[in-house]
Amino acid sequence: MNDRNTYSPDSIESAWQQRWEADGVYRSKVDWSKPKHYALTMLPYPSGDLHIGHWFAMTPSDARARFMRMRGYNVLFPMGFDAFGLPAENAAVQRGIHPAEWTYKNIERMRGQLRSMGAMFDWEREMVSCDPIYYKWTQWFFKLFYENGLAYRGEAMVNWSDALQTVLANEQVIDGKDERLGQPVIQKLMTQWFFKYTRYSDEMLDFDSIDWPEPVRIMQTNWIGRSEGAYVTFKTEAGDPLEVFTTRPDTLWGATFMVLAPEHPLVPKLTSDAQRAAVESYMADAARKTELERQADDGAKTGVFTGGYAINPVSGERIPVWIADYVLINYGTGGIMAVGAHDTRDFAFARAHGLPVRMVIQPENFPLLTDADLHEPILEAGRMVNSGAFDGTLSNGEKGRKNPAIAAVIDHLVALGVGKEAVNYRLRDWLISRQRYWGSPIPAVHRADGTIEMLPDGQLPVELPQDVKMGGVGNPLKNHAGFYHTTDSTGQPALRETDTMDTFMCSSWYHLRYLSPKYDGAPFDPEEAAYWLPVDTYTGGTEHATMHLLYTRWFNKALRDLGVFDRARQIAEAHGRDTAGVFDEPMRQLRNQGQILGGQRIGNFIVATGHIDNGKMFANRIEVVPALDDVPAGAYAGELMKRTENLLTLHGTDGQTYTVELVEGGEVIIPNIPGPNTVNQLKHHLEVERMSKSRGNVVNPDDLVREYGADTVRAYMMFAFDWSKGGPWDNQQIQGVVRWLNDVWDIAHTADLPEVGDPAAERQAERKLHQIIARITKSFELFSFNTAVAALMEGRNALKTPIREGKIGRAAFRELMSILLRLMAPVTPHIAEELWTTVLGMPYSVHQQDWPAYDEAKAAEDIVPLVIMVNGRVRGKVEVAAGISEADAIAEAMKDEWVVKSLNGGTPKKVIFIDGKEPKVNVVV
RNA sequence: GGGGGAGUGGCGGAAUUGGCAGACGCGCAUGACUUAGGAUCAUGUCUCUCACGAGGUAAGGGUUCAAGUCCCUUCUUCCCCA
């Protein structure tokens with residue numbers, strides 16, 4: 001046995017990787033004679049190490065790109081790095097290393113790890129978003145948008161830390177305090193850069209031309225949040241106009257109060273002297289809350305009466321005006337008319353503050369209730385009541401003008417000059433400013449007279465200065481005199497813009513830079529774009545459904561309208577390609593993979609104290625401790641496995657699982673986070689989480705590759721999970737993949753093949769392999785990678801025994817192996833190449849071969865089982881010739897013992913024949 | 001609070017349009033390989049039943065010749081967003 005050639009991945013994998021690279025096997029070049037396929041997978045952030053989640057996302061995408069290539073497409077499958085962002089700055093602060101140095105070191109390391117996957121990435125097309133040759137064009141796009149009215153300056157709330165004199169990202173704020181010093185963070189209005197995201201709202205709601213998953217389309221649709229309705233202008237008692245947007249103008253007569261955002265400009269004027277103290281105190285509280293906290297619905301809505309009143313423009317009724325922080329100033333008009341009887345939130349607010357409600361829509365067969373009798377809002381369709389001349393008008397539950405009541409009221413508002421029909425969007429403009437160092441600078445200067453000037457193209461890129469001090473107080477770019485103080489185009493002193501761009505800006509166009517990463521005449525070479533665009537298949541996680549994927553669609557539409565694709569379009573048309581709609585969307589097909597979750601996190605423990613009831617701990621104190629040394633008697637202690645709402649699951653040192661519920665008002669103590677915490681806070685620190693470096697909960701793919709080889713890890717990633725779902729990591733069944741590849745290796749090395757085999761066995765093996773060609777092809781088309789690998793294993797099963805028994809002859813063996821190895825090539829590229837080229841001596845490279853042709857005749861079965869059912873239950877099976885006729889099948893079934901017995905001499909009520917590869921007869925008695 | 005998924009053996013998971021539930025694996029059991037076995041091979045492995053058979057896809061109800069798949073109610077759970 002020792003002299004047998006055993007499969008050892010290390011001895012072949014890196015050698016093949018080097019050879020493929022040297023031979024340029026995966027170089028993708030424009031070739032108008034072939035159909036193209038641009039396969040794109042979301043690029044990684046260079047956090048330091050590739051984790052198993054990257055393998056899970058990328059290796060199936062790679063396998064599919066390889067499959068497309070074997071099917072005759074010219075495939076582009078590039079890779080790069082989304083390299084700007086906060087973690088690099090954090091590393092700089094914590095370790096005193098420059099963000100650029102940290103980032104490039106990580107990139108270097110991750111390139112090596114990515115190569116170890118054996119993916120078909122074309123490395124000559126790599127892009128790095130923090131490289132000046134990349135961000136030069138990010139800046140160029142910014143300028144283009146600015147010059148065409150798509151970029152503007154506006155005000156927005158930021159998290160401001162007085163102690164650090166800087167703006168913080170949401171994730172740097174924990175429970176209202178900054179994560180570095182634990183000092184308070186407040187909300188502050190600042191002037192910042194925006195893109196006119198809402199410009200394409202309606203177009204982005206149209207998904208007809210793209211094949212994207214339904215959940216993503218729904219999420220984007222909700223995110224954009226188009227609502228049809230009307231603007232209605234109320235008046236304050238002082239006569240100031242007070243405009244609100246409503247989707248329900250048909251309920252205008254039921255508006256019994258109004259609610260404004262605390263920041264609304266009319267609030268000071270509306271506020272009565274009696275209410276002034278309460279209003280001002282409420283406004284101060286609101287300023288301390290983040291937008292997220294303000295919107296969080298805790299049931300009891302807070303709010304304060306201003307003491308002022310407004311006049312309802314249709315009824316003339318005088319109604320009170322309140323302020324509440326759930327109404328946001330930068331949303332809609334910053335105020336709402338409240339109809340408690342027909343809106344859930346307004347109803348809750350009215351009941352919480354003792355405000356009146358009035359029913360103005362009466363559903364059919366429903367009583368007309370008074371304020372006191374209304375126990376919940378009425379959301380159904382009905383007829384208008386209590387609405388003057390409009391009583392009886394049908395409100396059919398539709399939105400906008402399709403609703404007769406809404407249409408009638410809008411017409412009335414227009415006639416009175418107090419309102420107009422309007423469409424409102426939940427979507428707000430894209431705030432792209434970041435008050436951070438590690439991002440692309442904005443190529444603008446502020447002149448002394450307050451005007452803004454963009455730098456000429458020749459001066460791009462504005463490079464980030466290298467000699468900055470990170471981690472101090474204030475903005476490093478403002479503190480850098482040489483960067484901050486500059487001159488304008490006329491040589492006058494000016495201040496450079498110190499905001500940098502949101503990294504979503506960088507990732508909105510990276511798929512274009514892959515086309516020609518070194519090209520200097522434009523963001524991309526139009527010759528390349530003409531051939532490759534758009535992206536045909538984009539793969540990545542659902543977490544990007546509403547942010548990145550919507551930004552990149554917006555970006556693409558803006559570029560299209562600004563003529564950036566014009567040259568590419570001309571070139572494509574010159575090659576006879578139909579370009580209708582081609583440049584409207586960046587990615588034609590999108591598919592999402594799920595997430596690989598980590599196992600238990602090691603190193604953090606919890607001690608919970610309280611009372612135990614029925615085995616469950618109701619804790620009034622939960623403490624995070626470094627070790628379980630001194631556990632008080634009666635406490636539950638262990639590692640945190642899981643958290644849902646306020647329920648924790650602990651894994652005790654005794655192996656038991658404990659359930660802990662935090663009681664109302666119970667305290668949570670986490671050493672790193674001072675002050676009172678909630679169970680939610682534990683999430684940041686302990687929970688079973690997404691695998692990512694920052695959470696310190698990592699299965700290292702390098703170790704797996706060292707132990708099993710890249711092919712095994714690739715195949716396992718594809719085999720062990722439903723790709724669209726993901727799941728908790730577990731390497732239990734990797735052994736099955738190891739056995740499979742060992743078997744294939746041994747099969748390929750079979751030494752003593754007979755010259756002539758057993759024809760029946762050969763035919764059976766051929767049939768099976770042709771069946772799996774069809775199944776694997778289908779699986780790849782559907783991104784169903786686990787069934788593809790399962791079918792490949794069946795291929796092994798079909799060959800293993802007959803070959804060992806000497807029933808497969810030399811010629812048949814070669815043919816069968818040629819099919820199996822080509823089918824395996826996308827999944828396990830190294831072993832497939834080794835066996836194909838070196839062991840069997842077929843023409844290099846297996847990756848440049850055609851996908852095996854499916855022959856239906858070869859796949860066909862001669863004999864199939866006929867399933868005989870009585871009343872839908874299987875009662876018998878007989879072997880019949882494939883393609884049996886309905887009459888013959890029924891005749892066969894009628895002979896069946898069960899059928900005869902069940903009929904008991906009578907005739908069947910009904911006989912159903914189901915044709916197909918496996919025919920069935922159902923006899924109903 | 002809003003939105004989107006998902007519930008199938010001990011485990012991961014299969015199952016176009018409704019058409020033999022449990023493919024392919026893991027694990028486990030028994031046996032073989034003259035010792036051992038984290039190797040390999042063979043057989044078995046949804047549950048109950050000696051068996052004939054019966055039941056079974058979170059729970060309950062419905063449609064159908066036929067339901068994991070369609071409809072209604074309930075429960076559990078994950079993710080995203082605010």
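The sequence lines fix the lettering, A, B, ..., with proteins before strands; numbering per chain opens at 1. Because only heavy atoms are used, hydrogens play no part in the values below, and waters and symmetry mates are left out as well, while side chains stay in.
- Seen from the ring of A:Phe783, A:Arg64 counts as a face-on cation partner, given the 6.0 Å and 45° thresholds.
- Cation-pi geometry between A:Arg591 and A:Trp723 is not met: the NZ or CZ atom fails to fall both under 6.0 Å from the ring centre and inside 45° of the normal.
- Across all strands shown, the partner of B:A42 is B:U30, judged by Watson-Crick or G-U wobble contacts whose two distances both fall under 3.5 Å.
- Within 4.0 Å of A:Arg775, counting heavy atoms only, lies no atom of the nucleic acid at all.
- Closest approach to the A:Val874 side chain among B:A82, B:C20, B:G12 is made by B:C20 (side chain taken as heavy atoms from C-beta onward).
- Every pair tested for salt bridge (Lys or Arg N to Asp or Glu O under 4.0 Å) that includes a residue from residues 875-889 of chain A fails, sequence neighbours excluded, so the list is empty.
- If you check every strand for non-hydrogen atoms under 4.0 Å, A:Asp722 touches sugar and phosphate atoms only.
- Comparing B:A82, B:C24, B:G19 by their nearest atom to the side chain of A:Ile914 picks out B:G19.
- Under 4.0 Å is where a charged nitrogen must lie from a carboxylate oxygen, and between A:Arg226 and A:Glu228 at least one such pair does.
- Put simply, CD on A:Glu879 is 17 Å from P on B:C20, counting in whole angstrom units.
- Atom pair A:Asn786:CG and B:A23:P shows a separation of 14 Å (rounding to whole Å applied).
- For B:G12, the paired base is B:C24 (Watson-Crick or G-U wobble, both distances below 3.5 Å).
- The side chain of A:Asn871 places no N or O atom within less than 4.0 Å of a non-bridging phosphate oxygen (OP1 or OP2) of B:U64.
- Candidate nucleotides B:G19, B:C65, B:C20 were compared by shortest atom distance to the side chain of A:Lys910, and B:C65 ranks first.
- For A:Phe721 and A:Phe56, the distance between ring centers is under 6.0 angstrom.
- Nucleic acid contact class of A:Gly225 (heavy atoms, under 4.0 Å, all strands): none.
- Within 4.0 Å of A:Lys877, counting heavy atoms only, lies at least one base atom of the nucleic acid.
- Side-chain atoms of A:Ala790 lie closest to B:C24 of the nucleotides B:A82, B:C26, B:C24.
- Ring pair A:Tyr551/A:Trp430: centre-to-centre distance below 6.0 Å.
- Between the C1' atom of B:G13 and the CD atom of A:Glu794 lies a distance of 14 Å, rounded to the nearest Å.
- Remark: aromatic rings of A:Trp729 and A:Tyr716 are close, center separation under 6.0 Å.
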Measure all distances between protein nitrogen or oxygen atoms and nitrogen or oxygen atoms of nucleotides 2-7 of chain B, and list the pairs falling under 3.5 Å.
| from | atom 1 | to | atom 2 | distance (Å) |
| --- | --- | --- | --- | --- |
| B:G3 | O2' | A:Asn222 | ND2 | 3.1 |

Check nucleotides 41-43 of chain B against the protein and report each pair of N or O atoms closer than 3.5 Å, with its distance, or say if there are none.
| from | atom 1 | to | atom 2 | distance (Å) |
| --- | --- | --- | --- | --- |
| B:C41 | OP1 | A:Lys800 | NZ | 2.3 |

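- Separating the CE atom of A:Met793 from the C1' atom of B:G13 is a distance of 12 Å, rounded to the nearest angstrom.
- Between B:G19, B:C65, B:G53, one nucleotide has an atom nearer to the side chain of A:Val924 than all others, and that is B:C65.
- When side chains are defined from C-beta on, A:Met42 counts as touching A:His548, because their heavy atoms get closer than 4.5 Å.
- In this structure, the nucleotide among B:C20, B:A82, B:G25 sitting nearest to the side chain of A:Gln733 is B:G25.
- Summarising the geometry of A:Ser227 relative to A:Thr247, their closest heavy-atom pair is CB-CG2, 3.6 Å, with the distance given to 0.1 Å.
- Considering only the side chain of A:Lys920, B:G19 comes nearest among B:G25, B:G27, B:G19.
- Closest to the side chain of A:Thr787, from the set B:C24, B:A14, B:G13, is B:A14.
- A:Trp740 comes within contact range of no nucleotide atom at all, as no heavy-atom separation falls under 4.0 Å.
- Proximity of A:Leu260 to A:Val327: side-chain heavy atoms (C-beta onward) are nowhere separated by under 4.5 Å.
- The glycosidic torsion of B:G68 lies more than 90° away from 0, placing the base in the anti range.
- The nucleotide B:U77 finds its pairing partner in B:G5, both defining distances of the Watson-Crick or G-U wobble pair being shorter than 3.5 Å.
- Between A:Phe349 and A:His353, the angle of the ring planes lies from 30° to 60°, which puts this pair in the tilted group.
- Atom-to-atom, CE of A:Met869 to C1' of B:C20 comes out at 7 Å; the value is rounded to the nearest Å.
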